[in-house]
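The sequence lines fix the lettering, A, B, ..., with proteins before strands; numbering per chain opens at 1. Small disclaimer: the values here were computed from a predicted structure and weren't measured.
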There are 2 protein chains.
Amino acid sequence: MSRIPATERRAALAHAAMAVIARDGVAAATTRAIVAEAGMPLASFHYAVGSRDELLSDVIELVVAGEGTATLGSLEIDAPDLRSAVRATFGAYLDLVRTDPAREQAMFELTQHALRTPALADLPRQQYDSYHQLAAQLLAAGAERYGAQWSLPIDDLARFVIAITDGFTLSWLADRDDAAAERLLDLATDALMAHTLNGAPA
Amino acid sequence: MSRIPATERRAALAHAAMAVIARDGVAAATTRAIVAEAGMPLASFHYAVGSRDELLSDVIELVVAGEGTATLGSLEIDAPDLRSAVRATFGAYLDLVRTDPAREQAMFELTQHALRTPALADLPRQQYDSYHQLAAQLLAAGAERYGAQWSLPIDDLARFVIAITDGFTLSWLADRDDAAAERLLDLATDALMAHTLNGAPA
DNA sequence: GTCTATAATGAGATAGAC
DNA sequence: GTCTATCTCATTATAGAC
């Protein structure tokens, strides 16, 4: 691990930290665990980063930049109509949560930690802006593809999507009730579709 | 602090821990902080409880028993119809979150911590069962009071209510956008009311 | 520049005096 | 039974050898 510029080390540490956090949670992301994940000696940590919270800030930047949600942005849904597409996208997110629950939990933990840490308290706003933008983008793309229109401001619907997504994830993490989660997503789909105008709008 | 039975001390510690957690978060709820809150010497902690996680388990029991949600159960809403009552109840919850954001955040932190701690991993299920029961009870009471019926199983609607409530709380904690939160609750109310039959059911 | 070795701190838990 | 004083451990952070 020699001859590597500090900025690259910093980035490598942030990625290693995200891996540790996704696997074991924020509390387990000690400086030791992070450098072990990155294959660096302990002293490299403060050589590159200054403090643990500073690195966690970098990690949230990664999430904001989309590294935590990349899977959803590149999703390709093949559905006959908008309703099916919406439901399938929710379903794809459910699969994501079921495949890697610890990762989704880690996103919540990062937010909570940042909210409790004065130096990081601004980051959750950016994090949720990023989520809302992703949802709005998916909603807009869906409407365009199926020739429909949303009858409410897309930002309001995006916030609803993120809220129901977060809420559904939390309850699933708590009780792992797949069937109830599916029914909840049906309900969420109904709620969204109640605010569409398809074909020729008024 | 003499002559107090161990079981009472244990309960006192659990309440003190909940106070600390509600104010400063789970990570700040060290044994020292908890006994300071309770006005006890440090050694009383392990005299009464065994371990920190054991006490956190007690704290979640308190939440499950309703101490974290008592405000909502005793809510008295005065509204002309079911829709207004639903919206007002959501609004009351928003007020609760705005009045004591740290407390609501603490509920999330307790869940996350329990999920990451093998000895406590069963508790989130009970915690969410308790939430779902509270929501179901509120939905049933509302329908009865206004002579309406829900056209979906009340447990599914209860899960939707808790999900949207959690999700809305998380986004509000992140960006403190009151206006957006109100619009989200309007949307959630619409979604619920789409599943009512009022007057004479089929 | 890099990393071994070591502070310095704060944590959970306990021994033993009263 | 109760609590003071202490132990042991893991943590963040740094000093100083190479």
Side-chain angles (χ1 to χ4, degrees), chain A residues 1-21 23-60 106 109-110 112-114 116-120, chain B residues 1-21 23-60 106 109-110 112-114 116-120:
Chain A
M1 276 298 142
S2 39
R3 292 312 101 143
I4 298 180
T7 59
E8 281 184 36
R9 293 214 162 193
R10 186 171 173 135
L13 284 170
H15 281 97
M18 190 148 88
V20 173
I21 292 169
R23 190 175 57 237
D24 302 319
V26 170
T30 64
T31 54
R32 283 173 167 73
I34 294 166
V35 295
E37 179 82 21
M40 291 182 197
L42 178 56
S44 293
F45 190 96
H46 289 93
Y47 182 75
V49 188
S51 80
R52 177 176 179 265
D53 272 333
E54 205 177 303
L55 184 67
L56 288 181
S57 173
D58 283 12
V59 172
I60 297 181
E109 290 175 305
L110 275 173
Q112 309 297 318
H113 175 81
R116 292 283 189 192
T117 308
L120 307 181
Chain B
M1 276 300 141
S2 36
R3 292 312 101 145
I4 298 180
T7 59
E8 280 184 36
R9 293 213 161 191
R10 187 173 173 133
L13 284 170
H15 281 96
M18 190 147 88
V20 173
I21 291 170
R23 191 175 58 238
D24 302 318
V26 169
T30 64
T31 54
R32 284 170 171 77
I34 293 167
V35 295
E37 178 81 20
M40 292 182 196
L42 178 56
S44 293
F45 191 96
H46 288 94
Y47 183 75
V49 187
S51 81
R52 178 175 178 263
D53 273 332
E54 204 178 303
L55 184 68
L56 288 181
S57 174
D58 283 11
V59 172
I60 298 181
E109 290 175 304
L110 274 174
Q112 310 297 318
H113 174 81
R116 292 283 189 193
T117 308
L120 307 182

Exercise. Taking atom P of D/dT6 as reference, at what distance in whole Å does atom CZ of B/Phe45 sit?
Worked result: 22 Å
Exercise. A/His46 side chain N/O closer than 4.0 Å to the phosphate oxygens (OP1, OP2) of D/dT14?
Worked result: no
Problem set entry | Residue that, paired with A/Glu109, satisfies side-chain hydrogen bond (donor to acceptor under 3.5 Å, both in side chains) out of B/Gln112, B/Arg116, B/His113 | B/Arg116
Exercise. Taking the side chain as C-beta and beyond, is there a heavy-atom pair between B/Leu56 and B/Ile21 under 4.5 Å?
Worked result: yes
For this session: Verify, without hydrogens or angle tests, whether B/Arg9 (side chain) and B/Val49 (backbone) share a donor-acceptor contact under 3.5 angstrom.
Result: no
Seminar exercise, completed: By nearest-nucleotide position on DNA chain D, the 5'-leaning member of B/Ala6 and B/Leu42 is B/Ala6
Exercise. Considering only side-chain heavy atoms of A/Pro41, which listed nucleotide, C/dC3, D/dT11, D/dT4, is closest?
Worked result: C/dC3
Exercise. If you take atom types as modelled and just measure distance, does the side chain of B/Arg32 reach the base of C/dG10 with a donor-acceptor pair under 3.5 Å?
Worked result: no
Exercise. What nucleotide among D/dA13, C/dA13, C/dA15 has an atom nearest to a side-chain atom of B/Ser51?
Worked result: C/dA13
For this session: May I have the distance from B/Leu56 (atom CG) to C/dA13 (atom P), rounded to whole angstrom?
Result: 10 Å
Problem set entry | Residue that, paired with B/Leu13, satisfies side-chain contact (heavy atoms from CB on, under 4.5 Å) out of B/Glu37, B/Met18, B/Glu8, B/Met40 | B/Met40
Exercise. For the side chain of A/Arg9, counting heavy atoms from C-beta on, which of C/dA11, C/dT14, C/dC3 is nearest?
Worked result: C/dC3
Seminar exercise, completed: Rounded to whole Å, the CZ-P distance (B/Arg52 to D/dA10) equals 16 Å
Exercise. B/Met40 CE to D/dG1 P: how many Å, rounded?
Worked result: 17 Å
Exercise. Between atom CG in B/Leu13 and atom P in D/dC3, what is the gap in whole Å?
Worked result: 12 Å
For this session: Mind checking B/Tyr47 for me? I need base, sugar-phosphate or nothing, with any heavy atom below 4.0 Å counting as a touch.
Result: base
Exercise. Any side-chain N or O of A/Ser44 less than 4.0 Å from the OP1 or OP2 oxygen of C/dC3?
Worked result: yes
